[in-house]
J.: 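A single structure is presented below for examination.
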Amino acid sequence: MHSAAEYVAALHSLRVWSGFSYRQLERQARERGEVLPHSTIAAALARTTLPRADVVASFVRACGAEEDTVASWLSVRQQVATGQFREDSLATLDSGVRADERGAPVPPARSIQRGRLLAAVGGTVTVVVLVALAAEGLFDVRQTPTTTHTSPANPSSAQALVPSGPYRLQMARSGLCLSEQRGSGSGHLYETPCEEQFPSMALRHVVDDIYRVAIDHPQFGPGCMGIPFGSMDTGIEVEDGACGNGAVEEYRWEPVTSPATGYRIRPKHSGMCLGYPADSVIGQDTLRQLPCDSSALGQVFQLQ
């Protein structure tokens with residue numbers, strides 16, 4: 001960890017590991033008598049410069065760390081700031097994180113619904129753990145796109161890519177848009193009139209034709225659309241939830257012109273397609289992972 005950008009990435013991974021949204025972290029800090037606005041957290045994690053030491057301390061405490069771990073984070077921050085970081089500094093950071101048989105970190109148990117903690121964050125979290133988590137692909141839903149292209153709603157070739165940015169995902173079969181039900185914590189996605197679509201969604205380009213669908217929920221905070229536990233099951237319900245909580249969140253966007261112009265969304269891990277079964281009831285049934293069917297209108301998505 002030799003750069004401020006790496007340090008910020010580790011802080012972001014700590015936030016993902018904790019399972020708390022920005023607003024939940026704000027409340028955690030407030031309960032400790034500290035001021036840590038969610039906007040400050042978002043700004044700090046979106047930059048590549050070191051956050052202030054007081055912000056780091058409040059943030060690490062809000063994530064559930066003990067004071068000795070807070071001190072370690074501040075020490076490493078100082079070393080990065082002064083260019084005096086030493087690899088052996090990592091050894092001074094205590095870890096209460098469990099490891100599996102391969103030595104990989106095991107995060108605390110969470111509900112698939114928004115990453116609510118089912119067990120308290122135990123022990124402390126180390127930079128080593130955070131780097132390992134980052135290597136597993138945990139990410140910032142506000143990341144800058146690496147590639148942008150035009151004409152997202154009307155792909156003209158198999159190479160057409162979608163610019164990152166806010167969108168509504170509209171179903172070709174119904175003209176309705178993917179939406180959660182207000183007041184529900186399930187994260188399941190239904191077909192709803194586009195003007196009622198909820199919460200806001202954005203596409204985030206990863207690489208080539210791979211994207212994530214980022215969610216910004218007013219109650220639960222930033223999240224991602226995912227396949228629960230990386231399931232390979234046909235018919236598994238797609239859910240909006242916390243990013244990096246065991247769901248698989250990367251999708252291939254495949255331009256199509258038949259049976260309608262738009263995109264198939266294919267979970268990277270399974271190669272299947274997202275969609276609604278042909279016999280599903282519009283407005284009542286949920287988005288699912290299904291075998292791809294080139295004739296299925298319920299598997300063609302358009303963008304608004």
J.: Between Glu239 and His188, does a side-chain hydrogen bond (donor to acceptor under 3.5 Å, both in side chains) hold up when you go through it step by step?
T.: CA-CA 5 Å; Glu239 295 180 348; His188 294 155; 3.1 Å; yes
J.: Does Phe59 reach the side chain of Ile41, with side-chain heavy atoms less than 4.5 Å apart?
T.: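 Side-chain contact under 4.5 Å: yes.
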J.: Is the backbone of Asp68 close enough, under 3.5 Å, to the side chain of Ser72 for a donor and an acceptor to pair up by distance?
T.: yes
J.: Less than 4.5 Å apart, any side-chain heavy atom of Cys224 and any of Asp240?
T.: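 No, side chains not in contact.
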J.: So if you build clusters from Ile, Leu, Val, Met, Phe, Trp, Tyr with side-chain heavy-atom gaps below 4.5 Å, do Tyr190 and Ile282 land together?
T.: no
J.: Is there a side-chain hydrogen bond (donor to acceptor under 3.5 Å, both in side chains) between Ser280 and Arg173? Walk through the geometry before answering.
T.: CA-CA 11 Å; Ser280 63; Arg173 76 166 188 166; 2.9 Å; yes
J.: Do you know the tightest heavy-atom contact between Gln289 and Pro267?
T.: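 Smallest heavy-atom distance, with atoms named: OE1-CG, 3.6 Å.
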J.: His217 vs Phe198 aromatic rings, parallel, tilted or perpendicular, using cut-offs 30° and 60°?
T.: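 Ring orientation, 0 to 90° scale: perpendicular.
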J.: Please report the shortest heavy-atom distance between Pro277 and Leu290, naming the atom on each side.
T.: N-CD1, 3.7 Å
J.: Can you tell me how far apart CD (Glu26) and CD (Glu34) are? Round to the nearest 0.5 Å.
T.: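 Atom-to-atom, Glu26:CD and Glu34:CD are 12.5 Å apart.
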J.: What closest approach, in Å, do Lys268 and Ile210 show between heavy atoms, and which atom pair accounts for it?
T.: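 Of all heavy-atom pairs spanning Lys268 and Ile210, the closest is CD-CD1, 4.2 Å.
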J.: Side chains of Glu237 and Thr286: is there a donor and an acceptor less than 3.5 Å apart?
T.: yes
J.: Side-chain heavy atoms nearer than 4.5 Å, only ILVMFWY residues, links allowed to pass through others: does that put Val76 and Leu11 together?
T.: yes
J.: Hey, does Trp253 have a side-chain heavy atom less than 4.5 Å from the side chain of Leu303?
T.: yes
J.: Would you call Leu50 and Tyr7 a side-chain contact if the rule is heavy atoms closer than 4.5 Å?
T.: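 Yes, close enough: below the 4.5 Å cut-off.
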J.: Hydrophobic clustering (ILVMFWY, side-chain heavy atoms < 4.5 Å, transitive) - are Met272 and Ile265 grouped together?
T.: no
J.: Starting at CD of Glu191, measure out to OG of Ser174 and round the result to the nearest 0.5 Å.
T.: 3.5 Å
J.: Show, in sequence, the C-alpha distance, side-chain angles and deciding distance for Met232 and His269, and conclude whether the side-chain contact (heavy atoms from CB on, under 4.5 Å) test is met.
T.: CA-CA 8 Å; Met232 299 291 288; His269 76 291; 3.5 Å; yes
J.: Look up atom CD in Gln24 and atom CZ in Phe220, then write down how far apart they are to the nearest 0.5 Å.
T.: 8.5 Å
J.: In sequence, state the C-alpha distance, the side-chain angles, and the governing distance for Arg212 and Glu250, and then conclude on side-chain contact (heavy atoms from CB on, under 4.5 Å).
T.: CA-CA 5 Å; Arg212 293 186 176 98; Glu250 294 188 351; 2.6 Å; yes
J.: Would you compute the distance between atom OG of Ser179 and atom CG of Leu189 and round it to the nearest 0.5 angstrom?
T.: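 Going from OG on Ser179 over to CG on Leu189, the span is 7.5 Å.
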J.: May I have all residue pairs that pass disulfide (SG to SG under 2.5 Å) and include part of residues 183-222, sequence neighbours excluded?
T.: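 Of all non-adjacent pairs touching residues 183-222, those that pass disulfide (SG to SG under 2.5 Å) are Cys177-Cys194.
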J.: Between the side chains of Ser75 and Gln79, does any donor sit under 3.5 Å from an acceptor?
T.: yes
J.: What's the shortest heavy-atom distance between Leu178 and Met201, and which atoms?
T.: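 Looking at all heavy atoms of both residues, the closest pair is O-CE, 4.0 Å.
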J.: To the nearest 0.5 Å, tell me how far Tyr167 OH sits from Leu203 CG.
T.: 6.0 Å
J.: Mind checking what makes side chain to side chain contact (heavy atoms under 4.5 Å, CB included) contact with Glu196, not counting sequence neighbours?
T.: Thr192, Pro193
J.: Using a 4.5 Å cut-off on heavy atoms from C-beta on, say whether the side chain of Val8 contacts that of Pro51.
T.: yes
J.: Would Phe229 and Ile236 satisfy side-chain contact (heavy atoms from CB on, under 4.5 Å), going step by step from the backbone distance to the final call?
T.: CA-CA 10 Å; Phe229 309 109; Ile236 188 77; over 6 Å; no
J.: For residues Ala260 and Leu297, report the shortest heavy-atom separation together with the two atoms involved.
T.: CB-CD2, 3.7 Å
J.: Are the side chains of Val35 and Thr40 in touch, meaning some heavy atoms are under 4.5 Å apart?
T.: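 The answer is no; the side chains never approach within 4.5 Å.
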J.: By the salt bridge (Lys or Arg N to Asp or Glu O under 4.0 Å) test, which pairs, at least two apart or in different chains, include something from residues 254-264?
T.: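 Pairs touching residues 254-264 that pass the test: Glu254-Arg264, Glu254-Arg266.
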J.: Would you compute the distance between atom CG of Leu274 and atom CD of Gln299 and round it to the nearest 0.5 angstrom?
T.: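 CD of Gln299 is found 8.5 Å from CG of Leu274.
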J.: Quick one: does Pro218's side chain get under 4.5 Å of Pro199's, heavy atoms only?
T.: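 In contact.
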J.: If I compare all heavy atoms of Leu287 with all of Phe301, which pair ends up nearest, and what's the gap?
T.: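 The answer is CD1-CZ, 3.8 Å.
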J.: Do the non-hydrogen side-chain atoms of Glu66 and Arg61 ever get within less than 4.5 Å of each other?
T.: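 The answer is no; the side chains never approach within 4.5 Å.
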J.: Taking the side chain from Thr69 and the backbone from Ala65, do they hold a donor-acceptor pair closer than 3.5 Å?
T.: no
